[in-house]
Amino acid sequence: MDKDAISRIRKLSQQYAYSSIQMHEVIGRKAGLSETDHKYLGFLIQKGQMTAGGLSNLTGLTTGAVTGLIDRFEKKKLVKRQFAEEDRRKVIIEPNTKNIMALLVPLYKEFRSKSEKLMASFSNKEIKIMETYFLKAIEIMDETTSKLNNKQLQKSINKRKI
């Protein structure tokens, strides 16, 4: 692939990311949430119940920020806190999928319909190419995130040693 093609794809990828952020910000606001809170609900729907610490690890938020996040979700009846039976110090976050879906599905209805029509317009071969691209791109992003998180963790550890 030539450099011009790579540059065009990179710019399109950036524009896609920016448009996605803008759309999710608007959807979050319409749902009475911030864009990031709205996306964290997506984690909970996808992953199911998890500990507050697990949500902290998944999102990269501090435990204090996760507590605030859970408080906001609980006020809107989107999650419920439960204590682990084996260790009551451990808090389990249980998503209220019914309430979450009732809040978000209407906001995504048109987008989802148009996206499905767009995807249906591609051949199976083209779909396979897109799947391959996204899977590999996600792998690269996850790897980058992990490396940056590890560097941040190491800096934090080193500061404590001083």
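Treat the numbers as computed from the prediction; the structure is a model and nothing was measured.
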Leu33 and Lys76: CA distance, side-chain angles, deciding distance, side chain to side chain contact (heavy atoms under 4.5 Å, CB included) verdict: CA-CA 10 Å; Leu33 305 165; Lys76 294 183 178 292; 3.7 Å; yes

Using a 3.5 Å distance criterion without hydrogens, assess whether the side chain of [X] forms a donor-acceptor pair with backbone atoms of [Y].
X: Thr145; Y: Met141; result: yes
X: Ser146; Y: Asp142; result: no
X: Ser19; Y: Tyr16; result: no

Pairs where residues 50-63 contributes a residue and the test side chain to side chain donor-acceptor pair (under 3.5 Å) is met, not counting sequence neighbours: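 The answer is none; no pair qualifies.
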
Qualifying side chain to side chain donor-acceptor pair (under 3.5 Å) pairs with a residue from residues 97-109, counting only residues at least two apart or across chains: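 Residue pairs passing side chain to side chain donor-acceptor pair (under 3.5 Å), neighbours aside: His24-Tyr108, His38-Tyr108.
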
Residue pair Leu44, Gln49: steps toward the side chain to side chain contact (heavy atoms under 4.5 Å, CB included) verdict: CA-CA 7 Å; Leu44 286 167; Gln49 74 174 20; over 6 Å; no

Using a 4.5 Å cut-off on heavy atoms from C-beta on, say whether the side chain of [Y] contacts that of [X].
X: Leu61; Y: Tyr40; result: yes
X: Val91; Y: Thr67; result: no
X: Lys3; Y: Ser7; result: no
X: Lys117; Y: Ser121; result: no

Distance, nearest 0.5 Å, that separates OG of Ser34 from CD of Glu25: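 The OG atom of Ser34 sits 7.0 Å away from the CD atom of Glu25.
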
Lys39 side, atom NZ; Ser20 side, atom OG - distance, nearest 0.5 Å: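 The distance works out to 6.0 Å.
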
Path from [X] to [Y] over hydrophobic side-chain contacts below 4.5 Å:
X: Leu107; Y: Ile21; value: no
X: Val26; Y: Leu104; value: no
X: Ile92; Y: Phe83; value: no
X: Phe122; Y: Phe111; value: no
X: Leu118; Y: Leu12; value: no

Sequence neighbours excluded, which residues qualify as side-chain hydrogen bond (donor to acceptor under 3.5 Å, both in side chains) partners of [X]?
X: Glu143; answer: none
X: Thr144; answer: none
X: Glu139; answer: none

Sequence neighbours left out, cut at 3.5 Å: what donor-acceptor pairs do the side chains of residues 126-137 make with other protein atoms?
{"from": "Glu126", "atom 1": "OE1", "to": "Ser123", "atom 2": "N", "distance (Å)": "2.8"}
{"from": "Glu126", "atom 1": "OE1", "to": "Ser123", "atom 2": "OG", "distance (Å)": "3.3"}
{"from": "Thr132", "atom 1": "OG1", "to": "Lys128", "atom 2": "O", "distance (Å)": "2.9"}

Electrostatic pair Glu74-Arg81, nearest N-O below 4.0 angstrom: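 Counted as a salt bridge, because a side-chain N and a carboxylate O are separated by less than 4.0 Å.
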
Trace of the side chain to side chain contact (heavy atoms under 4.5 Å, CB included) decision for Leu58 with Met50: CA-CA 10 Å; Leu58 182 65; Met50 65 179 69; 4.0 Å; yes

Result of checking Ile100, Ile93, Val79, Asn96 against Phe73 for side-chain contact (heavy atoms from CB on, under 4.5 Å):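 Going through Ile100, Ile93, Val79, Asn96 one by one, the side-chain contact (heavy atoms from CB on, under 4.5 Å) with Phe73 is satisfied by Val79 alone.
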
More than 12 heavy atoms from other groups under 6.0 Å of CD on Glu116: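 For Glu116, atom CD is crowded (more than 12 foreign heavy atoms under 6.0 Å).
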
Neighbour count >12 (heavy atoms, 6.0 Å) for atom CD, Glu85: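 At most 12 heavy atoms, drawn from other residues, nucleotides or ligands, come within 6.0 Å of this atom.
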
